Amino acid sequence: MLDTIFSQKQIRTDAESLQIWGKDWTNGYPVDPRAIVFPETTEQVQELVTYAISEDLKLVPSGGRTGLSGGAVASNSEVVVSFDRMNKILDYSAKDRIVTCQPGLVTANLQQFAKGQGLYYPVDFASSGSSQIGGNVATNAGGIKVIRYGLTRDWVAGMKVVTGTGALLDCNAGLVKNATGYDFRHLMVGSEGTLGLMCELDMRLAPMPEPQCVMVVGVPQVADLLNILHTFADQITLSAFEFFSDLALTKVQAHRGLTAPLTEAFAYYALLEFDESSLALAEEAFARCMDAGWLVDGVVSQSEAQAKSLWQLREGISESLASYTPYKNDLSVRISEVPGFLADVDRYVTESYPEFEVCWYGHIGDGNLHLNILRPEDMAVEEFFKHGHGMSPKIFEIVAARRGSISAEHGVGLLKRDFLGYTRSDDEIALMQGLKALFDPHQILNPNKLLATPSNAGKRP
Ligand code: 2HG
Ligand code: ZN
């Protein structure tokens, strides 16, 4: 019985809670967990895993539930393990610049804590006010500062994790150098809760950057986004290089009541962020791009408030599309492939479904494009998703032809599981299954996410 491990306040089984904690932001999957538990200690997590093994219970780890690939959806009577109560900062070492925290710590709270130390936690995205560090690590979250600071993986200095056998691994202990074989910390990063339940994380902090300037420029041709990126990157260190299409801008403006950044409309916009002290060099790069005809107009923030409102034009897009229940794809290719790739996908979708609006935006500076196909108002969600699923294989063929990835930063979860073969080889998938069988031999951890659970798995002889 779960109540031998957890107190009453740590278990929820009422219908409303099952619906809330049984899913993430992904649409389209049934939500049917049997219970939600809220562990408070590593020991409780270990006890839960041992209990799950003995009772053949399946566990779905759950953080801030902002995922978009169904990684935290419980559809099959699983027990959801919410880390909401394991949300504390346990230790801070100023000399190492390492924060030891529990996985349920909200990303924005880590950012805030870092600021309080005069430092910076650089992984950032629109959902940082809800997402949790554990979920960020489980999906190797990226976001808007990747070109300067890398992915979540780059900030994980160590972790304690309970595997599917109930073993507690203490991985890397915050060391910079540790040449002692396989690094399980990095194996856990991005494993989507399929190999272990993280209970403590050592997160590195960065020096606080200078105040930032934000520039938004209008770009008629998609290929010129790369010319602009390289012209600026040759001159200055960019903290962000994002893009969005005119349609994306229209949607976010309407949703948030924002004014247009420029007087004219352009097919695409790039949003650049850089240190304030680089402004003069950035203006030189801007002039060079203008002379070359790659950009036509631009605006640069004059205050922190203006920088924030320019960021809204990009960060508010995803939310502004929610009412269209869009068919989402999170794709990446090498940056050199971006223009050709975008044109290929655009051509395929608009030729196949001229009635669908296609909204492009994303982290173009690192090759990550978000493709949101919008549901026509008069089409039922189910029918629309059927068309979306029908389009996916062709879109993934285009990705594979350019040696890209079918999931850049949102993870595989349920949504991309059956398409993994477009990006990973059969040999790789077989190795992943082997690792899964080692770390989770009873197949109790986030079953059917990332990899399909073998049909005979977890059955006792
Ligand atoms: C973003 O970059 C997020 O805004 C969400 O990764 C992307 O909703 C999406 O497709
Ligand atoms: Zn993104």
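Order of listing sets the numbers, starting from 1, for every ligand and every atom in it. Everything numeric here is computed off the predicted structure, so don't read it as measured data.
Contact annotation: for Leu68 versus ligand 1, heavy atoms closer than 4.0 Å belong to the side chain alone. Within the 4.0 Å heavy-atom criterion, the part of His410 lying near ligand 1 is the side chain and not the backbone. When non-hydrogen atoms are compared, ligand 1 lies under 4.0 Å from neither the backbone nor the side chain of Phe125.
Atom NE2 is the N, O or S atom of His363 at the shortest distance from the Zn ion (ligand 2). For Glu409, the N, O or S atom with the smallest separation from the Zn ion (ligand 2) is OE2.
The pair Asp275-Arg148 meets the salt-bridge criterion, since a charged nitrogen lies less than 4.0 angstrom from a carboxylate oxygen. Note on Lys160 versus Glu200: salt bridge recorded, some NZ/NE/NH1/NH2 to OD/OE distance being below 4.0 Å.
Between Tyr327 and His389, the distance from one ring center to the other falls under 6.0 angstrom. Side-chain rings of Tyr121 and Phe113 stay apart, their centers remaining 6.0 Å or farther from each other.
At a threshold of 2.8 Å, the Zn ion (ligand 2) has no backbone or side-chain N, O or S atom of His410 nearer than that distance.
When atom types are taken as modelled, the side chain of Arg65 and the backbone of Trp25 share no donor-acceptor pair closer than 3.5 angstrom.
Distance from atom 9 (C) of ligand 1 to its nearest protein heavy atom, with residue and atom name: Tyr361 OH, 3.0 Å.
Side chains of Met86 and Cys199 form a contact here, defined as non-hydrogen atoms less than 4.5 Å apart.
Every atom of ligand 1 with a heavy atom of His363 under 4.0 Å away is listed here by number and element: 2 (O). Counting atoms of ligand 1 from 1 in the listed order, those under 4.0 Å from a heavy atom of Asn372 are 10 (O). Near Arg314, the atoms of ligand 1 lying under 4.0 angstrom from a non-hydrogen atom of the residue are 1 (C), 2 (O), 4 (O).
A ring pair (Phe, Tyr, Trp, His ring centres under 6.0 Å) with Phe244 holds for exactly one of Trp360, Tyr361, Tyr269; it is Tyr269.
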